[in-house]
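Below is one structure; the comments refer to it alone.
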Amino acid sequence: MASLSRALRVAATCPRRSRTRGLGLRALTGQAGPAAEKSVPYRRTLKDPQGPSTVARGPSQPLPSTAHVVVIGGGSLGCQTLYHLAKLGVSGAVLLERERLTSGTTWHTAGLLWQLRPSDVEVELLAHTRRVVSHDLEEETGLHTGWIQNGGLFIASNRQRLDEYKRLMSLGKAYGVESHVLSPAETKALYPLMNVDDLYGTLYVPHDGTMDPAGTCTALTRAAAARGAQVIENCPVTGIRVRTDDFGVRRVAAVETEHGSIQTPCVVNCAGVWASAVGRMAGVKVPLVAMHHAYVVTERIEGIQNMPNVRDHDASVYLRLQGDALSVGGYETNPIFWEEVSDKFAFGLFDLDWDVFTQHIEGAINRVPVLEKTGVKSTVCGPESFTPDHKPLMGEAPELRGFFLGCGFNSAGMMLGGGCGQELAHWIVHGRPEKDMYSYDIRRFHHLLTDHRRWIRERSHESYAKNYSVVFPHDEPLAGRNMRTDPLHEELLARGCVFQERQGWERPGWFTPKGTAPVLRYDYYGAYGNRMHEDHAYGRLLGDEYTFDFPPHHDVIKKECLACRGAAAVFNMSYFGKFYLVGLDARKAADWLFSADVSRPPGSTVYTCMLNHRGGTESDLTVSRLAPGPQASALTPAFEGDGYYLAVGGAVAQHNWSHISTVLQDQKFRCQLIDSSEDLGLISIQGPASRAILQEVLDADLSNEAFPFSTHRLVRAAGHLVRAMRLSFVGELGWELHVPKPACVPVYRAVMAAGTKHGLVNAGYRAIDSLSIEKGYRHWHADLRPDDSPLEAGLAFTCKLKSAVPFLGREALEKQRAEGLRRRLVCFTVDEKVPMFGLEAIWRNGQVVGHVRRADFGFAVDKTLAYGYIRDPSGQSVSLDFVKSGDYAVERMGVAHPARAHLKSPFDPDNKRVKGIY
Ligand SMILES: Cc1cc2nc3c(=O)[nH]c(=O)nc-3n(C[C@H](O)[C@H](O)[C@H](O)COP(=O)(O)OP(=O)(O)OC[C@H]3O[C@@H](n4cnc5c(N)ncnc54)[C@H](O)[C@@H]3O)c2cc1C
């Protein structure tokens with residue numbers, strides 16, 4: 001019998017092929033084929049041991065000729081989606097599985113479910129999965145799913161890690177997830193076989209547990225079938241038929257199989273690592289890569305029974321209780337890519353590569369020393385998909401209406417399956433998910449990236465390698481950088497710009513006074529024979545961000561912010577999305593799409609939201625009404641009818657584009673959406689000195705009378721035609737200059753030359769984050785999301801509810817207003833100088849009433865500011881009196897800090913500064 005320590009020793013000394021043999025493990029079959037002889041859990045419950053190829057036997061049921069929805073893939077995601085579709089009343093949904101249920105990745109999963117992750121939405125998704133497998137399915141079917149609640153234990157070997165766990169604990173309080181931070185001695189008492197000598201502490205979550213894949217999928221499909229759904233195994237999908245409708249929109253028409261076709265308007269691609277191949281059948285890009293992921297199952301360990309599952313993040317290993325043994329798995333920096341992604345891999349496993357796996361053994365033995373003398377019973381190494389940002393791929397594909405994705409689960413497809421299956425079902429049935437699923441929505445990725453091989457591969461590698469890294473609030477990827485740079489990139493780099501990455505764009509984060517910090521080519525953290533960068537200034541600065549305290553450059557960001565408040569700052573926001581909405585129906589479309597009245601006379605600029613039909617906020621943006629120009633240019637396209645210029649955050653530009661396109665298609669408006677993002681730069685000059693500076697650069701009168709707030713016009717800047725807009729996202733007097741690409745550098749230099757004597761500085765998005773929260777401006781996808789209405793978010797002024805004009809989301813807002821708000825976004829200030837980042841629990845009169853969505857330090861008010869939605873625990877609507885009357889505290893890492901609630905922004909509450917009143 002091989003023991004883990006022997007594996008470690010042998011791996012260190014033997015050439016690769018002989019290592020596995022040297023361990024005395026059973027011989028395995030070839031890399032791409034099924035491992036017929038392997039002894040692994042679940043196998044016997046699912047596989048027909050001697051039978052002929054199941055596919056050769058034909059489909060397990062006759063195919064219907066039509067179906068409302070066809071789900072492709074019978075793994076965790078396919079089964080969960082089918083079940084939730086059936087529960088939402090979709091009659092006759094069909095699941096097609098190429099082989100047998102679970103035969104892809106799901107059958108050999110470790111099945112761990114941890115309830116706490118550093119995302120509020122994910123905590124909700126996990127809670128739903130847990131409810132389904134531990135309660136609902138059993139109640140509905142009478143079948144036990146195999147759920148085991150043995151608890152979960154997260155190990156911290158350093159302070160930052162324990163800080164992260166304390167953050168999770170605070171967030172858990174907002175969701176009723178019980179957790180306890182334990183000392184090393186308490187941990188030892190709970191888990192006597194554990195070495196706690198090198199521990200800082202642990203987080204114990206008693207209601208975590210393990211899912212059984214076979215039991216779960218059987219119960220899910222049984223429950224779905226009872227509600228009229230159909231599961232057809234042994235039926236590979238071979239094609240997706242597409243039709244083009246009268247408006248030129250591509251839509252799903254049918255699913256083709258080896259055994260006939262099913263006409264359907266809706267397909268859900270839950271094909272796991274094969275999802276890219278299924279996407280190709282429909283011309284849909286699915287940006288994921290397949291990688292090997294492994295665990296080994298040990299022989300019996302005396303005294304391990306009933307112990308909680310363990311995640312030792314710092315050692316990058318997990319220890320799952322497997323009856324009276326453990327499964328030991330981990331995430332390495334040199335994972336193996338599965339290049340060929342064979343479609344002949346039912347119930348398949350790979351040979352375990354001990355070269356790769358060995359790195360986990362030392363950590364596992366260190367944590368549970370008895371493992372050193374414990375044998376390895378079997379190895380489980382299977383394919384799993386990883387994505388460029390470590391988040392799943394869900395929602396309707398931008399290339400094809402009716403084609404939904406439910407794939408790319410980054411080794412969390414069991415625990416996220418229930419929550420995601422439910423959201424997918426809502427998406428299909430109601431056109432929107434219930435929760436904020438933006439982070440999972442395939443439409444978050446810019447379309448130029450979704451088939452960019454290097455970007456997908458590098459970023460997905462980093463996802464895998466950092467799977468267990470601490471999630472720091474200001475971390476940035478090192479992979480897939482410099483994909484999209486704007487005309488000012490080199491200019492700003494030379495001035496010390498430290499860039500952030502958003503959807504492939506490089507945007508300024510902050511400016512270091514200590515030289516330049518270019519982002520170098522991705523070195524794969526030294527894996528696969530790559531040389532690690534020895535001198536990487538950017539990497540070093542990023543390392544400074546790996547803290548939950550204020551980073552060392554806190555005071556540098558402070559200087560940028562205070563310069564903006566006291567003199568002026570220039571922000572390069574060229575990565576913004578810049579769209580034109582033009583055409584005969586453009587006005588009708590604008591009235592319907594935008595919550596505010598944007599159809600004011602040409603020359604006006606309006607801050608507005610776009611809503612979904614549930615009144616949730618899909619976007620906030622500025623919309624400028626255009627007058628037709630004498631000739632078409634990057635600054636004014638040729639158009640008939642009406643024209644609008646839309647400026648949206650670059651990170652969410654694709655989401656905006658997709659939202660608008662979908663609405664235009666659904667409403668059949670005759671207008672065009674034109675993307676000019678790459679043709680125009682955007683330079684914003686903000687602060688009390690901005691007028692004096694720009695008056696030297698622009699050929700226009702910038703007085704309040706001649707150029708009022710919320711207006712725009714074409715002017716010349718240093719001789720170049722630009723569109724100037726009087727706007728502010730930081731609460732100061734300021735202008736945005738929308739500049740044709742070739743003119744960006746000369747205009748920027750002219751602004752800098754004029755600004756020097758006025759104290760103008762370069763500033764980045766870290767300053768924008770701080771300045772905007774201080775002023776009380778919302779950030780979409782932080783304190784304003786698709787599950788928040790503008791009324792709840794304090795943005796009622798962006799909604800034309802006093803007019804009679806119908807707009808998308810209006811009915812939902814009217815209903816909400818009539819019924820009263822169940823929650824409200826509130827601003828809190830904390831006098832103690834503690835850093836906060838979001839996810840902290842909000843206490844009111846001794847009860848948790850919500851959690852922080854967004855927090856930052858405000859340098860002018862010299863306080864931490866935090867925004868979060870609060871509820872009344874009694875279930876009543878949240879009145880302004882309720883907000884004003886409570887005693888508040890914000891809990892950060894288990895410590896409650898007294899806080900003050902504000903109904904208006906504490907900085908310049910009367911909005912004088914944007915009007916130029918100083
Ligand atoms: C070793 C290991 C351990 C893991 N541990 C955990 C864990 O502890 N917790 C956790 O949450 N997650 C874990 N995961 C991840 C989790 O198991 C996966 O994310 C999940 O099983 C993926 O489910 P799926 O439905 O997306 O894919 P799959 O299970 O692969 O299902 C896809 C299905 O689609 C079918 N298919 C493909 N092409 C076609 C076609 N053309 N026509 C019809 N059918 C088709 C396939 O046959 C397959 O059955 C682990 C993964 C691995 C590899």
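Everything numeric in this text was worked out from a predicted model, so none of it was measured. The figures here come from the full heavy-atom set of this structure, side chains too, leaving out hydrogens, waters and symmetry mates.
Minimum interatomic distance between P383 and F350 (heavy atoms only, all atoms of both residues): N-CE1, 3.4 Å. Here the closest non-hydrogen pair linking C407 and G272 is CB-O, 4.3 Å. Here the shortest heavy-atom pairing between T129 and G418 reads OG1-N, 3.0 Å. Annotation for Y318 and A110: closest pair CE1-CB, 4.1 Å, computed over non-hydrogen atoms. M415 approaches L126 most closely through the heavy-atom pair O-CD2, 3.5 Å. Heavy-atom minimum distance, Y191 versus P308: CE1-O, 3.5 Å.
Under the 3.5 Å distance criterion, with hydrogens and angles disregarded, a donor-acceptor pair is assigned to the side chains of Q61 and Q230. Side-chain contact, R311 with Y468: a donor N or O sits under 3.5 Å from an acceptor N or O. Under 3.5 Å, the side chains of N234 and H259 contain no donor-acceptor pair of N or O atoms. Side-chain atoms of Q149 and S134 form no donor-acceptor pair, as typed in the model, at a separation below 3.5 Å. There is no side-chain donor-acceptor pair under 3.5 Å between Q305 and D324. Looking only at atom types and distance, the side chain of T662 has a donor-acceptor partner in the side chain of R443 under 3.5 Å away. Inspection of the N410 and S385 side chains reveals no N or O donor paired with an N or O acceptor under 3.5 Å. For Q322 and S327, the side-chain atoms include at least one donor-acceptor pair closer than 3.5 Å. Remark: the H360 side chain and the E332 side chain contain an N/O donor-acceptor pair separated by less than 3.5 Å. Side chains of Y464 and H292: a donor-acceptor N/O pair is absent below 3.5 angstrom, by distance only. A donor-acceptor contact under 3.5 angstrom links the side chains of Y440 and E122, judged on distance only. T145 and D212 share no donor-acceptor pair across their side chains, judged by distance under 3.5 Å alone. Looking only at atom types and distance, the side chain of Y331 has a donor-acceptor partner in the side chain of S411 under 3.5 Å away.
Judged by distance alone, the side chain of S316 and the main-chain N or O of H313 form no donor-acceptor pair under 3.5 Å. The backbone N or O of A346 lies less than 3.5 Å from no partner atom in the side chain of S103, so there is not a single donor-acceptor pair. Judged by distance alone, with hydrogens and angles left aside, the side-chain atoms of R100 form no donor-acceptor pair with the main-chain N or O of F347 at under 3.5 Å. A distance-only check finds a donor-acceptor pair linking the side chain of T264 to the backbone of A67 [under 3.5 Å]. Under the 3.5 Å distance criterion, the side-chain polar atoms of R280 are left unmatched by any main-chain donor or acceptor of V286. Side-chain N or O atoms of W147 include none that pairs as donor or acceptor with a backbone N or O of H144 at under 3.5 Å. Listed for the D208 side chain is a donor-acceptor partner under 3.5 Å among the backbone atoms of Q115. In this structure, the side chain of R320 does not engage the main chain of V310 through any donor-acceptor pair within 3.5 Å. At distances below 3.5 Å, not a single donor-acceptor pair connects side-chain atoms of T387 with backbone N or O atoms of P392. Between the E97 side chain and the E99 main chain, a donor and an acceptor come within less than 3.5 Å of each other.
In H135, the NE2 atom is not crowded: 12 or fewer heavy atoms of neighbouring residues, nucleotides or ligands sit closer than 6.0 Å.
Using a 4.5 Å cut-off on side-chain heavy atoms (C-beta onward), K87 and E140 make contact. Residues I304 and L326 meet the side-chain proximity criterion, which asks for heavy atoms closer than 4.5 Å. You'll find the side chain of C270 stays beyond 4.5 Å of the side chain of F404, heavy atoms only. With contacts defined as side-chain heavy-atom distances shorter than 4.5 Å, the pair F403/V268 does not qualify. Using a 4.5 Å heavy-atom threshold, the side chains of N150 and N309 count as touching. Between E178 and V205 the shortest side-chain heavy-atom distance does not fall below 4.5 Å. Contact check for H461 versus F337: side-chain heavy atoms found under the 4.5 Å cut-off. The closest side-chain heavy-atom distance from P64 to V94 is below 4.5 Å.
Remark: aromatic rings of F345 and W338 are close, center separation under 6.0 Å. For H108 and H293, the ring centers are positioned 6.0 Å apart or more.
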Item checked: salt bridge (charged side-chain N to carboxylate O under 4.0 Å, His left out) between R401 and D666, worked out -> CA-CA 11 Å; R401 299 296 305 270; D666 289 349; 3.2 Å; yes

Next item on the list: Start with the C-alpha distance between L220 and L137, add both sets of side-chain angles, then the distance that settles side chain to side chain contact (heavy atoms under 4.5 Å, CB included), and finish with yes or no.
Entry: CA-CA 7 Å; L220 285 168; L137 283 174; 3.7 Å; yes

Checklist line | Candidate pair L171 and V123, rule side chain to side chain contact (heavy atoms under 4.5 Å, CB included), full reasoning | finding: CA-CA 9 Å; L171 176 64; V123 169; 3.8 Å; yes

Margin query: Working note: E233 + R98, criterion salt bridge (charged side-chain N to carboxylate O under 4.0 Å, His left out); need CA distance, chi angles, decisive distance, verdict.
Written below: CA-CA 6 Å; E233 294 175 287; R98 177 171 55 208; over 6 Å; no

Next item on the list: Evaluate the criterion side chain to side chain contact (heavy atoms under 4.5 Å, CB included) for residue pair N467 and H390; output intermediate values, then yes/no.
Entry: CA-CA 8 Å; N467 194 16; H390 206 234; 2.8 Å; yes

Item checked: From CA spacing to verdict: side chain to side chain contact (heavy atoms under 4.5 Å, CB included), W107, V380 -> CA-CA 11 Å; W107 71 283; V380 178; over 6 Å; no

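A cation-pi arrangement, defined by a distance under 6.0 Å to the six-membered ring centre and an angle within 45 degrees of its axis, is present between R823 and Y869.
Every residue was checked against the side chain to side chain donor-acceptor pair (under 3.5 Å) condition with H68, not counting sequence neighbours, and none meets it. Listed by chain and number, the residues in a side chain to side chain donor-acceptor pair (under 3.5 Å) with S261 are R241 (sequence neighbours excluded). For H655, the ring-ring contact (aromatic ring centres under 6.0 Å, His included) partners at least two apart in sequence or on another chain are Y438, W780.
Shown are R167, R785, K435; of these, the salt bridge (charged side-chain N to carboxylate O under 4.0 Å, His left out) with D120 is made only by R785. Applying side-chain contact (heavy atoms from CB on, under 4.5 Å) to T109 and the options M414, M211, E384 leaves one that passes, M414. Tested against H128 for a side-chain contact (heavy atoms from CB on, under 4.5 Å), the candidates E423, H84, Q80 yield a single pass: H84.
Between R444 and D389 there is a salt bridge, since a side-chain N of the basic residue sits under 4.0 Å from a carboxylate O of the acidic one.
Taking OG of S179 as the reference point, atom NZ of K173 lies at 7.5 Å (rounded to 0.5 Å).
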